[in-house]
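For the numbers below, each heavy atom of this structure counts, side chains included, while hydrogens, waters and symmetry mates do not. Chain A is the first sequence line, chain B the second, and so forth, proteins listed ahead of strands; every chain is numbered from 1.
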Number of protein chains: 2
Amino acid sequence: MKRYQALADDIARSIRQGLLRPGQRLPSVRQASAARKLSPATVFQAYYLLESQGLVRPRARSGYYVSEHVHALLPEPDAASAPDGESRAVDISALVFEVLESAMARDIVPLGSAFMSPSLFPLAKLGRAMAHEAVHLDPRSTVDDLTPGNAELRRHIALRYRIGEVELGINDLVVTNGAIEALNLCIAATTRPGDAVLVESPCFYVALQTLERHGLHAVEVPTHPREGVELGALDAAIRRHAPKACWLMTSFQNPLGASMPEAKKRELVELLARHELPLIEDDVYGELHFGARRPLPAKAFDTRGLVLHCSSFSKTLAPGYRIGWAAPGRYAQRVARLKLTNTLATCVPAQLAIARYLQRGGYERHLRGLRQTLRLQQAAYLEAVARYFPSGTRVTRPDGGYFLWIELPPDRDALALQRQAAQRGISIAPGPIFSAHRGHGHCLRLNYGHALDARVDAALKVLGELSAARSAPA
Amino acid sequence: MKRYQALADDIARSIRQGLLRPGQRLPSVRQASAARKLSPATVFQAYYLLESQGLVRPRARSGYYVSEHVHALLPEPDAASAPDGESRAVDISALVFEVLESAMARDIVPLGSAFMSPSLFPLAKLGRAMAHEAVHLDPRSTVDDLTPGNAELRRHIALRYRIGEVELGINDLVVTNGAIEALNLCIAATTRPGDAVLVESPCFYVALQTLERHGLHAVEVPTHPREGVELGALDAAIRRHAPKACWLMTSFQNPLGASMPEAKKRELVELLARHELPLIEDDVYGELHFGARRPLPAKAFDTRGLVLHCSSFSKTLAPGYRIGWAAPGRYAQRVARLKLTNTLATCVPAQLAIARYLQRGGYERHLRGLRQTLRLQQAAYLEAVARYFPSGTRVTRPDGGYFLWIELPPDRDALALQRQAAQRGISIAPGPIFSAHRGHGHCLRLNYGHALDARVDAALKVLGELSAARSAPA
């Protein structure tokens with residue numbers, strides 16, 4: 001990030017957190033320049049940027065002031081969830097599909113979607129890479145590049161981990177049809193029907209659906225909205241339920257946006273190792289960090305091969321290409337064999353296209369732009385939520401990804417809100433689909449991966465209005 | 001097929017079945033022309049073709065004679081298999097992988113492979129279709145074309161069924177990552193762990209691996225090497241074991257090459273309907289027919305939505321693209337939802353590429369060429385097997401697909417043969433991997449989907465020699 005952007009960011013944060021109030025004067029350029037040890041030009045650039053974002057306005061001969069219409073952000077949720085701690089068979093998939101299918105109309109405002117805007121992906125450049133590979137396809141690759149996957153692609157994936165100081169070799173990786181297949185295979189490799197699996201509370205509904213499909217029991221563990229699952233509670237749940245696996249999203253968790261600090265990830269890995277318990281780590285959002293560097297995954301601390309790490313290019317590069325992977329540690333052969341009997345292989349031209357794209361460079365630059373876009377969109381959404389949602393609402397401010405988790409006042413009903421919103425052409429993801437016991441009934445997940453245009457702004461206003469009224473069952 | 005080809009074929013069959021013996025004179029062109037009501041030019045063309053295939057040679061001023069080195073074909077197996085009729089948990093996958101992994105070296109002669117030569121696919125033309133679609137990708141398609149799949153692709157698939165007189169609509173189809181995913185989803189949609197499933201004996205090892213993976217029991221049903229599963233035995237097995245599904249490959253079954261006659265397929269569907277038993281129909285080889293038209297699948301007779309029909313483009317067009325489908329009848333919603341939680345979706349550019357290829361025409365012409373190539377390769381392999389394998393060997397002559405099933409004399413051990421052959425750089429698929437009770441110990445499957453060049457000929461000779469000796473355990 002450039003210096004002026006960092007300064008603008010810093011001021012924007014102060015405004016949104018209410019440290020700088022609407023109408024308050026910013027320090028003069030000279031003051032700021034001296035205090036921050038920046039050139040006056042840099043300060044000017046920062047103020048221009050804030051002005052273009054509508055956060056500040058100049059007054060003639062008097063300097064810059066915080067805009068009157070800027071609202072202080074709503075507070076963040078600050079307590080860990082408190083699930084009941086029981087182990088239960090999962091029966092949530094029908095509800096999840098009901099909610100998702102109600103949101104499938106093309107013209108719906110996709111605030112409940114799990115996808116960010118497809119316009120954020122470098123599809124043209126990727127398309128050219130695929131065109132090249134498709135036309136020059138070596139016929140033998142249609143057999144050679146089946147499971148565990150194209151060697152060149154695996155080399156590039158391993159290299160990216162190596163740059164991030166995670167030691168992974170080509171042969172540690174199995175290419176899959178997106179992260180969802182990777183996660184399915186890792187669950188199949190570590191459990192049998194009837195086993196218990198520990199998950200976050202709330203957790204991504206696909207994890208719950210996967211447990212349901214495999215006949216597994218879910219144990220939800222208290223989870224903090226900023227720092228992820230609580231290790232003490234996790235330890236207690238292990239002792240009580242003797243689970244066979246633990247399935248966590250350790251960075252920018254869907255739906256909370258929580259990220260475990262690295263020291264906590266290390267502690268997690270050590271704790272699970274003491275119990276010989278495999279960790280299935282879903283890390284699909286790790287690259288979408290707003291901080292200076294990619295948070296280390298738990299896999300970085302795995303010395304025992306007990307972490308089955310899964311990720312994909314679907315959130316950063318090419319959702320429709322369906323290229324994911326697993327780094328399953330000591331379960332690598334088992335996962336590769338399960339992959340062969342699940343789908344045999346992953347689309348070869350798509351593997352080659354992504355390998356070529358990575359080879360030719362530009363991924364890092366694309367990611368920088370994407371992260372910046374998402375960061376700005378998060379700020380805009382947070383502002384709109386603060387403007388439209390009722391007092392008593394809390395909302396997360398994650399350091400990456402593209403989801404906000406909103407806690408409405410406790411007497412509101414997110415499932416009723418979801419049905420009312422659907423009738424108004426707006427989708428949301430209601431809290432109960434993220435819980436085996438259908439908890440989080442007054443919460444919802446909002447996707448900020450689409451530009452906040454007038455249509456989205458109007459939709460957020462409608463949601464705010466619907467949330468202001470105590471819900472009658474719809 | 002042209003007239004001269006049909007005539008050449010007919011004569012080739014007579015030679016290979018021993019009706020015309022080595023050294024015997026063919027009818028003169030004038031005789032054949034009169035008898036067959038064909039022009040002399042057509043007869044000449046047929047004789048030239050037979051000469052080019054090495055089956056006949058001209059002698060100056062004396063006409064055409066059957067080549068001296070042509071061997072009569074070995075007899076076909078003619079008895080249905082006789083499995084023990086028990087229901088058993090499947091434990092075959094480790095053996096299958098052991099055998100398959102021993103055959104993965106790139107330079108091995110791939111007689112045990114499940115793939116035909118990649119040079120038989122129109123990869124350049126497909127690649128151009130994919131290049132076009134990749135470069136012109138509508139960003140929205142990366143979301144819109146997720147499960148159940150691209151509508152245009154489904155329309156083309158439905159259309160091909162319609163031409164073959166099978167009534168399927170766009171909404172009956174779910175696009176999958178190859179037929180293997182389709183079959184997995186159909187098994188998951190119809191069974192629970194511990195249930196029994198009826199399969200052929202022998203049956204494709206991936207079916208057995210899938211049952212093993214899902215914790216299901218297999219009941220092998222007696223199967224005739226030409227006409228498929230025996231319906232009386234199937235009925236008895238249903239009454240005895242109360243299975244929850246029946247999994248059959250109704251046309252050009254892998255490994256036998258058996259095809260149920262259409263009347264038998266109809267009877268099968270009626271029989272299963274009386275028991276309300278779903279049929280999972282694996283029809284991936286149906287398009288590779290040598291007869292005049294594609295055999296109807298059992299799905300054509302399904303009036304109750306009980307047939308879950310699965311197929312793919314992997315055997316006809318593009319193995320590495322991983323595009324298959326299910327037409328799951330009354331289980332369509334269940335299969336689509338399972339697909340969402342298994343892999344979410346199928347590679348979008350690959351779907352679009354195949355849709356465009358089908359749209360632009362040429363698939364039917366490609367298939368005609370492919371069928372003709374496989375038919376000729378089968379003839380060449382049958383001849384070589386007859387030349388090299390010991391007396392007492394029987395071998396199938398399927399009307400489609402690209403596998404031969406070889407029954408060696410009963411005291412031979414195909415697993416030992418497989419290990420000996422692997423040491424000589426040759427793969428085969430030994431009988432026991434096609435059976436939950438590791439039966440068919442003296443049988444093997446040979447792939448004739450690769451041109452019979454000098455290297456393959458030498459490999460067949462080695463196999464014949466190894467088969468001639470009673471096997472010592474390797």
Using non-hydrogen atoms only, which part of Phe115(A) is less than 4.5 Å away from chain B: side chain, backbone, both, or neither? side chain

Between Gly320(B) and Pro349(A) the two heavy atoms that sit nearest each other are O-CD, 3.8 Å

Under the side chain to side chain contact (heavy atoms under 4.5 Å, CB included) rule, what do Arg213(B) and Arg337(A) come out as? Steps first, then yes or no, please. CA-CA 10 Å; Arg213(B) 191 173 154 209; Arg337(A) 288 179 164 191; over 6 Å; no

Considering only heavy atoms, which portion of Asp145(A) lies under 4.5 Å from any heavy atom of chain B: side chain, backbone, both, or neither? neither

Side chain / backbone / both / neither for Ala345(A) at chain B, heavy atoms under 4.5 Å: both

If I measure from the heavy atoms of chain B, does Thr210(A) come under 4.5 Å with its side chain, its backbone, both, or neither? side chain

Which atom of Ala131(A) lies closest to which atom of Val135(B), heavy atoms considered: CB-CG2, 3.8 Å

Does any heavy atom of chain B fall under 4.5 Å from the side chain of Leu340(A), the backbone, both, or neither of them? both

Check this for me: Arg192(A), atom CZ, are more than 12 non-hydrogen atoms of other residues, nucleotides or ligands nearer than 6.0 Å? no

Taking all heavy atoms of Pro118(B) and all of Pro139(A), pick out the closest pair and write down the distance. CB-O, 3.2 Å

Which portion of Asn184(A) sits near chain B, non-hydrogen atoms under 4.5 angstrom: side chain

If you measure from CG on Leu211(A) to OG1 on Thr341(B), what distance do you get to the nearest 0.5 Å? 11.0 Å

Structural part of Glu133(A) lying under 4.5 Å from a heavy atom of chain B: neither

Side chain, backbone, both or neither: which part of Leu338(A) has a heavy atom under 4.5 Å from chain B? both

Name the residue from Thr346(B), Leu344(B), Thr343(B) that meets the side-chain contact (heavy atoms from CB on, under 4.5 Å) definition with Arg322(A). Leu344(B)

